[in-house]
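Encoded as structure tokens, the structure appears first; notes follow it.
As the structure is a prediction and not an experimental result, all values here were calculated from the model. When a residue number appears, it is its place in the shown sequence, counting from 1.
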Amino acid sequence: MISLAPLDLWVIGAYLAATVAVGMGLFRFRGGDAEAYLVAGRRVSLPAFVATLVATWYGGILGVGEFTYTSGLYTWLALGIPYYVFAILFALFLAGPVRRAALYTIPDRLALSFGRGAGLLGSLFVFVLVSPAPYVLMLGVLLQIVTGWSLPVCVLLGTVFSTFYVARGGLSTDIRVNIFQFLLMFAGFGIILPAAALEFGGPSFLTANLPPGLLRLQGTEGFQRTLVWFLIAVWTLVDPGFHQRCYAARTEEVARRGIIAAVGCWLVFDFLTIASGLYARAALPGLRDPKMSYLLLAEAVLPAGLKGFFYVGILATIMSTVLSYTFLGAVTLGRDVIWRLRGDRDESRITLYTRIGILVTGVLAVALAIAIPSVVQLWYTLGSVCVPGLIIPVLDSYFGRRKMTPPGCAASMVAGAGTALIWLAAGLWRAVDGWPQYPLGIEPMLPGLAASFLAYLVFPRREA
């Protein structure tokens, strides 16, 4: 049972007020310069780069708690290590070329390499991929716990509160708020893990009270399941947040070093969150709703005030992602769709179009979160369909010696996303007890990637 004392509510209220103050008071965009609004004038320093990248990446924090509660240390192998690997690959091979390109978005790169049609089609995939709906839903669930209000009301209020100030200052506001939230998310879990260890004991408590399978890195999952998690982590290479931050970095070196430093921060934060999740499983076995594991652990080990501060850490982790993904969706809609379709040469109007995009992205995210109230299903569906449509064209645009033709690019994108979507639909159609039954037992992303690569091989290419 969750209970918050008046002191906890005061702490949460102070955090919300401080977030508004940071979002509204630290930066005012003066207008007229799309580069300043969309990529912070390409002047983002190394500390700011690291903080905003780390904070943006962790919006699914309650899902991490659920996964750890049910799968133990395997969480690190599934949700940690693959992302470290692909983030380091991004730093080594993509960060430099992306920063040198000095563009605004992934669809910009596709349009430059393969034509306007590829840019528009890529905009569709990027817009869906960065939908903040999973994180809006998670935020709504948390606010519902705190307030007791209905889920739709909490989803709507959480979305508005998390994003309205980004319209004021663009990416600079996003980054400044992310820095504030970066500090709080580490502080929150930096409190609960020592508290759990003091309350229950050290590692010996975990080994004595956890099933042995939860303490094995490889868990009880098979090779294919682990391979799928590595394939899902390919998302990193086409993650619009990575590309946007690299476009905004002061130098190529800032982008490369920033991503490597972010991996180190993720490793530390993963240790805090996974260890806390293991304590929750050991101390609170048999939870009917594992996604509540962190909150119930806080109920067991934290006094009033500190419990509220831990909730602040959870809120900061989710709200930073809602903010950043809403802005990414807005930039995609404002620049890559409205501005490109209108053929408008005046870049100063991109700011207006992006602000319209913030409203549209938020409304669609709220609608999707209410229509599909499952964070895991939203995550899985968006990634499985969109990543196969983007990965090969994006990599070819940077590294292809003989680049795809515009028709070949379109075929690769449609074949990848379309095959994954059909595979996903077939699995859901044959679902048993709510679990999809995919053809041949293969997850949708794999045939999607195969179809995209086949189109890449079949269609003729041209000299770069």
R43 atom CZ: more than 12 heavy-atom contacts under 6.0 Å: no
Listed partners of R256 passing salt bridge (Lys or Arg N to Asp or Glu O under 4.0 Å), at least two apart: E252, E253
Close side-chain approach of F125 and L129, heavy atoms under 4.5 Å: no
Which atom of C154 lies closest to which atom of T147, heavy atoms considered: SG-OG1, 3.6 Å
From T19 atom OG1 to L315 atom CG, the distance as rounded to the nearest 0.5 Å: 8.5 Å
From R349 atom CZ to R342 atom CZ, the distance as rounded to the nearest 0.5 Å: 6.0 Å
Parallel, tilted or perpendicular, as decided by the 30° and 60° cut-offs, for the rings of W76 and F271: tilted
T68 vs R281 side-chain heavy atoms within contact, under 4.5 Å: no
I175/F49 under side chain to side chain contact (heavy atoms under 4.5 Å, CB included): CA gap, chis, key distance, verdict: CA-CA 8 Å; I175 290 173; F49 184 99; over 6 Å; no
Minimum side-chain heavy-atom gap S384-W423 below 4.5 Å: no
Side chain to side chain contact (heavy atoms under 4.5 Å, CB included) assessment of L143 paired with W149: CA-CA 8 Å; L143 290 178; W149 299 339; over 6 Å; no
Heavy-atom closest contact (L46 atom, V254 atom, distance): CD1-O, 3.7 Å
Donor-acceptor side-chain pairing of S320 and N178 below 3.5 angstrom: no
Distance, nearest 0.5 Å, that separates CG of D239 from CD1 of I106: 7.5 Å
Backbone of T273 reached by a side-chain donor or acceptor of Y294 within 3.5 Å: yes
Main-chain N/O of I350 paired with R335 side-chain donor or acceptor, under 3.5 Å: no
Expected output: side-chain S412 to main-chain S452 donor-acceptor under 3.5 Å: yes
Contact check, side chains of E199 and Y279, non-hydrogen atoms, under 4.5 Å: no
Expected output: side-chain T75 to main-chain S71 donor-acceptor under 3.5 Å: no
Close side-chain approach of L151 to V141, heavy-atom, < 4.5 Å: yes
T361 side chain reached by F127 side chain, heavy atoms, under 4.5 Å: yes
Full working for side chain to side chain contact (heavy atoms under 4.5 Å, CB included) between Q181 and Y15: CA-CA 10 Å; Q181 291 166 327; Y15 158 71; 3.4 Å; yes
Qualifying side chain to side chain donor-acceptor pair (under 3.5 Å) pairs with a residue from residues 307-319, counting only residues at least two apart or across chains: E299-K307
Nearest atoms (heavy-atom pairs only) where G305 meets D8: N-OD1, 2.6 Å
Salt bridge present between D174 and R245 (N-O < 4.0 angstrom): yes
Approximate separation, where rounding is to 0.5 Å, of L333 CG and I338 CD1: 4.5 Å
Sequence-distant partners of A78, side-chain contact (heavy atoms from CB on, under 4.5 Å), two or more places apart: F67, Y74, W229
Nearest atoms (heavy-atom pairs only) where V387 meets M445: CB-CE, 4.2 Å
Any donor-acceptor N/O pair, R340 side chain to G119 backbone, under 3.5 Å: no
Distance-only donor-acceptor check, side chains D270 and Y84, under 3.5 Å: yes
Sole candidate of F90, W57, W266 that passes ring-ring contact (aromatic ring centres under 6.0 Å, His included) when paired with Y83: W57
Heavy atoms from other residues, nucleotides or ligands near CZ of F399 exceed 12 (cutoff 6.0 Å): yes
Student check: side-chain heavy atoms of I392 and L449 closer than 4.5 Å: no
Between CZ on residue F164 and CG on residue L323, distance to nearest 0.5 Å: 10.5 Å
Expected output: side-chain R99 to main-chain A249 donor-acceptor under 3.5 Å: yes
Short side-chain donor-acceptor distance under 3.5 Å, T251 and R257: no
Pairwise side-chain contact, Q244 with L53, heavy-atom cut-off 4.5 Å (strictly under): no
Spatial distance of atom CE (M185) from atom CD1 (I61) [nearest 0.5 Å]: 7.0 Å
Atom of T159, atom of T163 and distance for their closest heavy-atom approach: O-OG1, 2.7 Å
R42 to Y104 six-membered ring, cation-pi geometry met (6.0 Å, 45°): yes
Nearest atoms (heavy-atom pairs only) where S397 meets R109: O-NH2, 2.6 Å
Worked verdict on V11 versus L306 for side chain to side chain contact (heavy atoms under 4.5 Å, CB included): CA-CA 9 Å; V11 171; L306 287 182; over 6 Å; no
Residues, nucleotides or ligands: over 12 heavy atoms within 6.0 Å of Y398 OH: yes
